[in-house]
Structures are given as C-alpha cells and as structure tokens.
Amino acid sequence: MSPQFRNYGLFALVLTFIVYYLLVWLGFFSRYWDGVLATSFTLFVLYGIDKGQAKLLQEKARNRVPENLLHLMALLGGFIGGWAGMLIFRHKIRKPIFWVVLTVSTLLHLGLMLIW
C-alpha cells in the first residue's frame with residue numbers, strides 16, 4: 001500500500017464518518033442515504049484535491065490522490081460525488097475507466113435502492 005493511498009484513505013475515512021454522523025444526527029434521510037451522501041461528499045472533495053494537485057504539480061505530481069482510492073470510494077457509494085467532481089472540476093473526463101466505474105457504481109446502488 002502506497003503512502004498516498006494510506007494517507008488519503010485515512011483522510012477519506014475520517015471525513016466520511018464525520019459527515020455521516022452529522023447527517024444521522026440531523027435525521028433527514030435513511031441510514032443508507034446518509035452513507036451515500038457522506039461518501040459522495042468525500043469523493044467530491046478528493047476529486048477537488050486531486051485536480052488542485054494536478055494543476056500545481058503537473059508532471060512531478062507524486063502526492064496525488066491514487067486512482068484506486070477514487071474508484072473504491074465510488075463503488076462504496078460515492079457515485080454522486082464522483083459524477084459531480086468529474087463534471088464540475090473537469091477532472092478525469094478523458095479516462096474511460098472513470099466513466100465505467102462511475103456507471104457501474106451508479107447502477108449497483110440504484111439496484112440496491114430498488115431492493116430495499
């Protein structure tokens with residue numbers, strides 16, 4: 001595991017739990033939607049951080065958010081934040097794997113919503 005994955009992964013975990021428990025405390029949504037929204041918020045933030053790193057560091061970008069972490073967060077429920085981050089920041093739009101992972105994640109979670 002790379003240091004970037006560990007560091008950004010820990011950041012993502014902490015931020016997701018903070019947002020999740022804030023949403024649970026507010027009590028607007030179900031627990032599932034609280035999780036999706038918390039994960040989406042975190043993934044949106046990670047897209048923004050990675051876009052900023054890409055602009056600042058360009059070719060020498062060593063401390064970027066790992067793509068595997070972005071994919072994992074999308075599959076765990078962050079598909080809304082992934083789409084928003086991709087379109088708002090215009091980031092990772094030329095990489096087909098990001099379109100595939102976000103589409104699969106969206107379909108997966110729409111299926112889960114229909115089951116519940």
Side-chain angles (χ1 to χ4, degrees):
M1 177 183 309
S2 72
Q4 289 84 8
F5 190 93
R6 185 182 63 244
N7 294 338
Y8 283 114
L10 182 59
F11 169 76
L13 185 66
V14 170
L15 182 60
T16 301
F17 276 113
I18 289 170
V19 173
Y20 175 77
Y21 284 111
L22 180 64
L23 290 170
V24 168
W25 181 72
L26 292 172
F28 293 131
F29 306 106
S30 69
R31 299 283 171 121
Y32 175 77
W33 273 106
D34 291 341
V36 166
L37 293 174
T39 308
S40 290
F41 177 79
T42 301
L43 185 54
F44 181 78
V45 169
L46 288 174
Y47 266 87
I49 290 170
D50 194 51
K51 179 65 175 195
Q53 295 270 338
K55 278 184 154 183
L56 287 175
L57 303 175
Q58 306 215 351
E59 296 299 320
K60 298 177 185 175
R62 293 185 182 184
N63 199 24
R64 302 261 314 265
V65 178
E67 291 183 354
N68 288 339
L69 180 60
L70 297 174
H71 297 320
L72 178 63
M73 293 297 293
L75 291 170
L76 290 175
F79 60 95
I80 297 169
W83 287 117
M86 203 163 127
L87 298 174
I88 290 171
F89 296 119
R90 308 275 305 152
H91 192 49
K92 304 290 188 185
I93 58 174
R94 291 188 207 120
K95 292 194 169 191
I97 189 67
F98 281 86
W99 291 92
V100 170
V101 170
L102 286 173
T103 301
V104 166
S105 178
T106 302
L107 294 174
L108 173 75
H109 285 279
L110 284 176
L112 288 173
M113 287 176 217
L114 291 175
I115 291 172
W116 268 302

### Query
Does the Asp50 side chain pair with the main chain of Val65, one donor and one acceptor, at a distance under 3.5 Å?
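A pair under 3.5 Å: yes.
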### Query
Do the side chain of Ser40 and the main chain of Val36 share a donor and acceptor less than 3.5 angstrom apart?
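At least one qualifying donor-acceptor pair exists.
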### Query
Taking only residues at least two apart or on different chains, which pairs with a member in residues 98-116 satisfy salt bridge (charged side-chain N to carboxylate O under 4.0 Å, His left out)?
none
### Message
Quick test of your reading: applying salt bridge (charged side-chain N to carboxylate O under 4.0 Å, His left out), list the pairs with at least one residue in residues 105-116, sequence neighbours left out, ordered by first then second residue.
### Response
none
Membership question, hydrophobic clusters at under 4.5 Å side-chain separation (ILVMFWY): are [Y] and [X] in the same one?
| X | Y | answer |
| --- | --- | --- |
| Leu13 | Ile18 | no |
| Trp25 | Val19 | yes |
| Tyr47 | Leu15 | yes |
| Met1 | Leu10 | no |
| Leu75 | Ile97 | yes |

Got [X] and [Y] here, is their nearest side-chain heavy-atom distance under 4.5 Å?
| X | Y | value |
| --- | --- | --- |
| Asn63 | Gln53 | yes |
| Leu107 | Phe79 | no |
| Leu23 | Trp33 | no |
| Ile80 | Phe41 | no |

### Query
Looking at Leu70, Leu102, Leu43, which one forms a side-chain contact (heavy atoms from CB on, under 4.5 Å) with Met86?
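When side-chain contact (heavy atoms from CB on, under 4.5 Å) is applied between Met86 and each of Leu70, Leu102, Leu43, only Leu102 qualifies.
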Mind listing the closest non-hydrogen atom pair of [X] and [Y] along with its distance?
| X | Y | answer |
| --- | --- | --- |
| Ala54 | Arg64 | CB-CZ, 3.5 Å |
| Asp34 | Phe29 | OD1-CB, 3.3 Å |
| Tyr8 | Pro66 | CD1-CD, 4.0 Å |

### Message
Can you confirm whether more than 12 heavy atoms, excluding those of Tyr32, are under 6.0 Å from its OH atom?
### Response
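Above 12, so yes.
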### Steps toward side-chain contact (heavy atoms from CB on, under 4.5 Å) verdict (Phe11, Val45)
CA-CA 10 Å; Phe11 169 76; Val45 169; 4.1 Å; yes
### Query
Between Thr106 and Trp83, is a side-chain hydrogen bond (donor to acceptor under 3.5 Å, both in side chains) present by the stated rule, with each step listed?
CA-CA 9 Å; Thr106 302; Trp83 287 117; 2.8 Å; yes
### Query
To the nearest 0.5 Å, what is the distance between CG (Leu46) and CE (Met73)?
6.0 Å
### Message
To the nearest 0.5 Å, what is the distance between CD on Glu67 and NZ on Lys92?
### Response
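Going from CD on Glu67 over to NZ on Lys92, the span is 4.0 Å.
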### Task
For ring-ring contact (aromatic ring centres under 6.0 Å, His included), just list the numbers for His71 and Phe98, CA-CA rounded to whole Å, side-chain angles, deciding distance to a tenth of an Å, and then say yes or no.
CA-CA 7 Å; His71 297 320; Phe98 281 86; 4.4 Å; yes
### Message
Is a donor from one side chain sitting under 3.5 angstrom from an acceptor on the other, for Thr39 and Thr16?
### Response
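No, no side-chain donor-acceptor pair sits under 3.5 Å.
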